[in-house]
Each structure stands twice: as C-alpha cells, then as structure tokens.
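See structure below.
In what follows, chains are A, B, ... by sequence order, proteins preceding strands, each numbered from 1. Hydrogens, waters and symmetry mates play no part in the numbers below; they use all other heavy atoms, side chains included.
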Amino acid sequence: MAYHLCSSPSSRPPHDHPLFCNSLSPPFSLKPTPFRPSLTLKHSMHPFSLHSRTSLQIGRVSVQDPISEDTQNSNSSEFPNSDEKISSSSKSYIWVNPRSPRASQFRRQSYDSRYSSLVRIAESLNSCNPTEDDVFSILVGLGEKIVEQDGVVVLNNMSNPETAPIVLKYFQGKLKLSKEVILYNVTLKVFKKCRDLDRAEKLFDEMLQRGVKPDNVTFSTIISCARLSSLPKKAVEWYEKMSLYGCEPDDVNHAVMIDAYGRAGNIDMALSLYDRARAGKWKIDAVTFSTLIKIYGMSGNFDGCLNVYEEMKALRIKPNLVVYNTLLDAMGRAKRPWQAKSVYNELIKNGFTPNWATYAALLRAYGKVRYGEDGINVYREMKGKGMELNVTLYNTILAMCADVGYIDEAVEIFEDMKRSETCKPDSWTFSSLITIYSCSAKVLEAEAMLNEMLDVGFEPNIFVLTSLIQCYGKANRTDDVIRTFNRVLELGITPDDRFCGCLLNVMTQTPKEGLSKMTNCIEKANSKLGYVVKLIVEDENVEREIFRREAHQLFNSISADVKKAYCNCLIDLCVNLNMLERACELLDLGVTLEIYMDIQSKSLTQWSLHLKSLSLGAALTALHVWMNDLSKALENGEEFPSLLGINTGHGKHKYSDKGLAAVFESHLKELNAPFHEAPDQVGWFLTTKVAAKSWLESRCSPELVAAQILPS
DNA sequence: GGTGAGCTTA
C-alpha cells in the first residue's frame with residue numbers, strides 16, 4: 001500500500017513578506033514555552049549525574065535517515081504469564097494418595113469447580129437488588145459448609161459497591177473469622193474498582209469500630225482508590241496516616257505512592273521516595289520506572305528521564321514497551337527528535353513491536369520540531385505494515401501535518417481515513433484540517449471543510465473558530481473576522497488566552513481602517529488586553545509609566561504559554577503604527593519579566609543578538625536597541641570582541657518561507673550594516689570588530705537610526 | 001486480599 005506524496009514542502013510558493021506594511025505577518029507561534037520546573041530536582045545519590053551523557057545521547061541521528069525498517073522481529077515474551085495465583089485450599093471429599101501425581105491435578109480440578117461456582121455467585125450478586133433479602137438468598141446457595149476463603153473469592157470477584165457490604169455482613173454473621181481484615185480488604189477492592197472513595201473511607205471507619213486492625217494491604221487499596229478517583233492528595237493523606245495505625249509502608253505502598261505523589265504534583269516527594277527505595281534496596285519494577293520517567297518528563301527534566309532509563313538498565317531491570325513509549329514521549333516533549341529516534345531504534349533492537357502509542361509518540365516528537373518527512377515516514381511505515389489506524393493516530397498525523405504545513409499530504413491522509421472501515425473523522429480531525437487551510441489563508445477550502453464538519457453533525461468549537469479567525473485575518477477579511485467573533489459569543493463560548501492572542505495577531509495584519517473594529521472585539525474578549533491595545537491605537541499621549549504599568553498587569557494576568565505571543569504582537573502593533581518608543585518599552589518589559597530570555601549576549605570573543613522566536617517587529621526593535629547599546633559601548637571606549645553576530649534562527653517557520661533571516665538580510669543592507677550571512681552557520685549574520693566600529697562611527701546620532709528603521 | 005501504563009488540536 002504505497003503512499004504517494006503529492007508535493008514537497010519546498011514546492012510551495014514563497015510567502016509574500018514585505019518589510020513594513022500592513023501585511024507584516026509575524027509567524028504567529030503559539031507554541032508553549034518550555035516548562036520550567038519550579039523545583040530543582042536534586043538527586044545527589046544517583047549513580048549517574050543529571051548531566052552525564054547516556055547511551056541515548058550519543059550522536060545525533062540525521063533527519064534524513066530513514067526509519068529502520070527492521071521491525072519485523074517478533075516480540076520475545078519478556079514476562080511469561082504466571083497463571084499460578086490461585087492457591088488450592090479447598091477440601092476434597094474423595095481420598096487420593098497425596099503423593100500420587102494425580103493428587104495435585106485432582107485438587108486443582110476440584111478447586112477450580114468450586115472457584116467457578118463462587119465466581120458465578122459473585123456475578124449474580126453484582127446484578128441483584130442491594131437488599132439483605134435478595135443478597136442473602138443468593139448466598140444461601142453456597143450451602144452450610146462455607147469457609148472464610150469463599151467470602152474472599154466471592155467479594156474479590158464483585159464489582160457492585162451497593163451489594164458488596166451486604167455480602168461482607170453475611171459472612172461476618174455466618175463465620176467466626178480468623179482473618180477479618182482480608183474480607184474488609186477485598187470489599188475495599190470493590191470500592192476501588194468503582195472509584196468510590198467515600199464508601200471506602202466509611203468502611204475503613206467501620207472496621208476500626210469493630211476492632212479490626214488495618215494492614216498494609218488495606219492502605220494500598222484505599223490509596224490506590226484515591227488515585228484512581230483522581231484525588232492524589234487524598235492518596236498522600238492516607239499514606240501519611242499509615243503510621244498512626246501501626247503500619248510501616250512496604251515496597252508496594254512505596255510504588256503506589258511514587259505514582260500518587262507524581263500525580264499530586266509533589267515531584268520532590270516522589271523522587272525522594274525513589275531515593276529511599278534505592279537506598280533501602282526495595283524492589284522497583286519496570287512500571288514504577290516508567291512512572292518515574294513520566295514524572296521527570298512532566299517536570300521538564302528530560303535528562304532526568306534518560307538517567308532513570310540508564311539506572312534501570314544498570315539495576316538489570318528490563319525495560320518494557322511502556323517504558324520505551326514513555327521515554328519516547330518525553331523526548332518528543334523535550335524537542336529532541338534525534339533522541340526519540342534512538343529510543344525507537346533501541347526498542348526495535350530489543351525485539352519489541354511498536355504499538356499505536358509508540359507511533360503516536362514518534363509522530364508528536366517529529367511534528368513538534370517540524371520534521372515533516374520523518375513524520376510522513378512514520379505514517380508510511382504504519383500503512384506499510386498494514387496497521388489499522390485509529391482516530392487518535394489519524395488525528396495525531398494530521399496535527400503533525402498542520403505543524404509542518406503539509407496541505408496535500410493532509411488531504412490525502414484525510415481521504416485515506418474516510419475510506420477506512422474502522423474509524424470516522426471526529427471534531428478533532430476537522431479542526432486540524434481547518435487549521436491547516438487557515439494557516440495558509442485558504443479561505444474557500446477552510447470554509448468547505450467547516451461545512452463538511454457541520455454536515456456530519458459537529459458543532460464548531462473554540463479551536464475551529466480560532467483557526468477561522470486566523471484564516472480571515474490572513475486573507476485581510478476583517479468583516480468576516482468580526483462575524484466569526486460574534487458567532488463565538490453567540491455560541492456562548494468563552495474566549496480563552498489563545499483565542500485573544502489570535503485576535504491580537506490578526507490585528508497586527510489589519511489595515512489601519514479596520515483597527516477600531518478589532519479593538520472593539522478584543523475589548524469584549526479580554527478587557528485588560530483591550531485596554532492596552534486601546535492605549536496603543538488610540539492614545540498617543542498616555543504617559544510612559546502608565547502604559548508600562550497596564551502592560552505589566554496584562555502580562556501578569558495571562559497564562560505563561562501565550563506571554564511571548566502577546567508581547568510579540570503588541571510590539572508589532574506599535575511598530576506598524578510608528579511607535580518605536582512604545583515598542584522599546586514593551587521589549588524592555590518583556591526582558592524584565594523574562595518573557596524574552598538572553599536577547600543580547602557577550603563573551604570575550606563575540607557579542608551577539610539572538611532574535612529567534614521574536615516577531616519581525618520585536619526583532620527590529622531589538623536590533624535598534626542593540627545598535628544603540630553598541631554605540632554607547634563605543635562612546636565609552638569599551639573593548640570590542642573580534643566578532644559580532646546576529647542570530648535570526650533558521651527561519652523555517654511553517655507557512656512562511658521567508659523567515660526573519662531573509663527579511664534581515666535586506667534590512668541590514670538598507671542600513672549599510674556590515675553584517676554578512678555566515679556560510680557555515682545557518683541564520684547567523686556576522687561582522688568583525690573593525691567593520692562594526694567603523695560602521696557605528698559613520699552612523700549619525702541614535703535618534704536618526706530610529707527613523708531609519710521605521711516605515712516611510 | 002494490595003501498585004500499575006501510554007491519547008491528541010489553535
């Protein structure tokens with residue numbers, strides 16, 4: 001089943017990107033900024049330091065490398081199924097020589113038949129009325145010769161939280177129990193299956209009242225019930241209560257708690273339990289290791305993930321597929337596709353067969369960093385193996401296509417999906433396709449896809465409407481933007497930070513006459529943002545301090561992942577309106593609030609300006625500030641380094657073939673600046689100390705430079 | 001009688 005690529009990304013027509021005009025369209029990147037862990041994770045006891053290189057860090061795999069096709073290896077069974085959990089403790093009424101080989105077989109058969117009848121009884125108890133009459137009448141069927149173990153087996157196979165306590169009561173009344181705690185524990189297990197922590201807690205109180213002492217199993221069951229009920233903090237509470245009841249946590253309790261602490265967001269505690277587990281030589285299995293990798297990944301400590309992986313190998317614990325998948329996912333989130341590829345190769349080498357989670361993680365890893373070809377290769381590999389893709393996998397591939405701007409490929413995959421017998425496009429699918437068209441301002445196609453979505457019965461959601469607004473904005477159709485915005489309000493959808501960011505981005509592309517309409521929308525969507533925008537568009541004379549204070553308050557009120565996008569757009573708006581001073585003010589605020597990090601850097605040999613992830617307006621503003629700083633340094637007689645450089649990044653942003661680099665090249669020429677593109681360093685413009693100094697000296701006063709970079 | 005896993009988007 002060959003997959004044919006209709007076009008390569010480079011065959012798309014170049015995006016028009018003139019320097020200063022209303023079509024100034026900074027590639028609007030709403031990528032979340034890397035998560036910065038608030039806790040420093042110290043693992044002093046680890047045999048591997050967090051900075052040590054692990055086997056997966058060696059060497060970078062080329063993007064162009066084909067993904068290994070060597071995936072036909074059969075999966076060796078890592079964990080033979082042990083099916084020996086059922087102990088034979090029932091009585092046999094026919095004498096068989098206990099030493100004969102037939103004896104154990106006989107015991108087993110006899111027990112199996114008893115066990116099956118107990119399971120059947122449990123099943124009827126799951127569906128009967130929760131009354132003593134009904135429950136007891138079923139249990140009478142057990143006969144008079146019941147033993148404690150019968151109660152354990154029945155309750156252990158139950159799932160009805162209303163009848164289970166009545167069953168418990170029956171056995172308590174019928175038998176003199178020697179291990180009552182076990183009956184309580186299996187009843188708690190029923191509540192755990194139903195994620196009913198309330199009932200579990202009530203039963204715990206009841207067992208205390210009856211004088212039954214809880215044990216470690218009691219606690220691990222309740223703790224696990226809490227974490228399955230998405231109440232990890234409750235899980236922590238119960239764990240901390242253990243010693244009050246004379247229970248010392250054991251291996252199993254710790255393994256559960258590493259997970260529960262991780263889910264409760266208490267990463268320090270999770271890791272310190274892990275440290276204690278290692279120091280105490282407790283048993284830690286592959287599942288717990290995968291939990292640890294996930295915890296490190298969530299905290300943004302991606303080297304920590306690799307170290308855990310190395311550590312488990314050092315402890316001779318065999319990774320399983322889930323460990324590999326978790327690691328793959330973490331490397332994707334870390335934006336390290338080459339390491340994701342290494343993990344993938346390693347799991348293949350070790351004989352595992354990739355499953356959907358493996359492929360989904362790989363696709364996300366490639367999509368995030370726009371490794372389009374690699375992503376499409378994953379799709380080809382899955383199709384080549386005849387894999388049945390599910391909706392999520394299709395959606396992940398389409399999201400990847402949206403990330404890298406593969407329109408034709410997305411359409412083909414969408415058609416393939418519609419032909420598939422096992423899954424149908426859902427609202428996510430349509431949302432991705434609408435996004436793909438919107439990012440390229442293909443209004444007709446986006447609208448057609450919207451109609452197709454409505455035809456099959458999906459309501460437009462905030463994702464779809466955000467994309468459409470972006471589409472109309474790019475196509476300069478302000479009235480359609482306003483119409484769509486009103487539709488959002490009519491549908492009762494609350495604008496979120498990203499939605500407002502999109503409106504703001506549209507505004508940076510809106511011709512002057514449309515600005516007041518856009519301001520109105522933004523005011524309705526977010527009054528704080530609306531106010532700052534109004535100050536920029538309508539109030540030239542507002543005091544600097546007041547403007548800064550309002551902008552500061554705005555940045556404090558929005559989520560971290562949109563701050564840079566907002567700041568970029570606001571600066572673009574200022575630059576579009578010839579307000580360089582305001583732009584500088586916002587850039588400075590952005591630096592102060594650490595929205596922008598390390599724009600300028602100085603080493604002994606090189607001074608640099610880093611413009612990656614800045615919008616065009618923000619980058620030009622930063623250049624202006626840098627040039628002024630250099631002039632000041634020259635005036636002050638500061639020693640210049642041998643090299644000065646500007647890094648614009650590779651400029652391969654999706655949907656924009658002309659990145660910052662191309663725009664800067666011509667802009668630097670206009671300024672007569674002696675910076676030249678470095679042949680061996682993509683995205684770098686370099687100059688020497690001598691050339692820089694003579695150029696700075698030849699420039700007029702800094703004020704005139706301002707005029708030079710502004711649109712005429 | 002006890003732990004326990006990857007699945008999404010602007």
Side-chain angles (χ1 to χ4, degrees), chain A residues 28-32 85 87 148-149 151-153 155-156 179-190 192 214-225 227-228 235 247 249-260 283-294 297 320-330 332 354-361 363-364 367 390-403 426-436 438-439 461-471 496-502 505 561-562 565:
Chain A
F28 186 38
S29 165
L30 286 179
K31 293 281 165 207
K85 280 178 189 160
S87 65
E148 208 166 338
Q149 183 68 16
V152 173
V153 173
L155 280 163
N156 199 30
K179 284 183 184 154
E180 199 170 351
V181 62
I182 296 182
L183 272 183
Y184 271 105
N185 288 346
V186 276
T187 312
L188 286 169
K189 208 171 131 186
V190 177
K192 186 190 101 179
D215 62 11
N216 282 16
V217 179
T218 315
F219 283 99
S220 64
T221 310
I222 297 177
I223 290 167
S224 155
C225 178
R227 75 160 277 294
L228 284 177
C247 293
D250 59 18
D251 290 4
V252 176
N253 298 123
H254 287 125
V256 187
M257 284 315 298
I258 288 177
D259 184 64
K283 241 176 70 191
I284 311 172
D285 61 11
V287 181
T288 304
F289 275 107
S290 85
T291 306
L292 283 160
I293 293 171
K294 209 172 74 192
N320 60 18
L321 190 55
V322 178
V323 168
Y324 283 117
N325 290 348
T326 312
L327 202 54
L328 257 180
D329 200 60
N355 61 6
W356 66 263
T358 317
Y359 287 121
L363 285 166
R364 280 194 300 274
N390 60 20
V391 192
T392 311
L393 269 176
Y394 271 115
N395 287 347
T396 309
I397 299 163
L398 290 171
M400 192 271 306
C401 288
D403 274 332
D426 63 6
S427 66
W428 295 58
T429 318
F430 288 107
S431 168
S432 280
L433 282 154
I434 292 168
T435 301
I436 290 170
S438 296
C439 288
N461 58 20
I462 192 157
F463 302 112
V464 165
L465 294 164
T466 306
S467 285
L468 279 176
I469 285 179
Q470 193 183 4
C471 188
D496 60 11
D497 283 350
R498 289 197 167 210
F499 179 83
C500 297
C502 179
N505 182 44
D561 58 341
V562 297

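Checked by atom type and distance alone, the side chain of Asn253(A) pairs as donor or acceptor with a backbone atom of Asp250(A) at under 3.5 Å.
Taking atom CG on Leu468(A) and atom C1' on dT9(B), their separation rounds to 14 Å, with Å as the unit. Note: CG (Leu433(A)) to C1' (dT9(B)) measures 11 Å, nearest angstrom. We find that CG of Leu398(A) is positioned 13 Å from P of dT9(B), with the value rounded to whole Å. Protein atom CD1 of Ile469(A) is 16 Å distant from nucleotide atom P of dA10(B), rounded to whole Å. Between the CD1 atom of Ile397(A) and the C1' atom of dT9(B) there is a distance of 14 Å, rounded to whole Å.
Side-chain contact between Ile222(A) and Leu188(A) is present, with at least one heavy-atom pair separated by less than 4.5 Å.
The pair Arg498(A)-Asp561(A) counts as a salt bridge, with a side-chain nitrogen and a carboxylate oxygen less than 4.0 angstrom apart.
Using a 3.5 Å distance cut-off with no hydrogens or angles, the side chains of Asp215(A) and Thr218(A) do pair a donor with an acceptor.
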Requested in this report: Mark up nucleotides 2-8 of chain B, 5' to 3', with B wherever a protein heavy atom is under 4.0 angstrom from a base atom, S wherever such an atom reaches only the sugar-phosphate, and - elsewhere.
Outcome: BBBBBBB
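Contact annotation for Asp497(A): no contact, since no heavy-atom pair falls under 4.0 Å across all strands.
Every side chain to side chain contact (heavy atoms under 4.5 Å, CB included) that Glu148(A) has, sequence neighbours left out, goes to Leu177(A), Ser178(A), Lys179(A).
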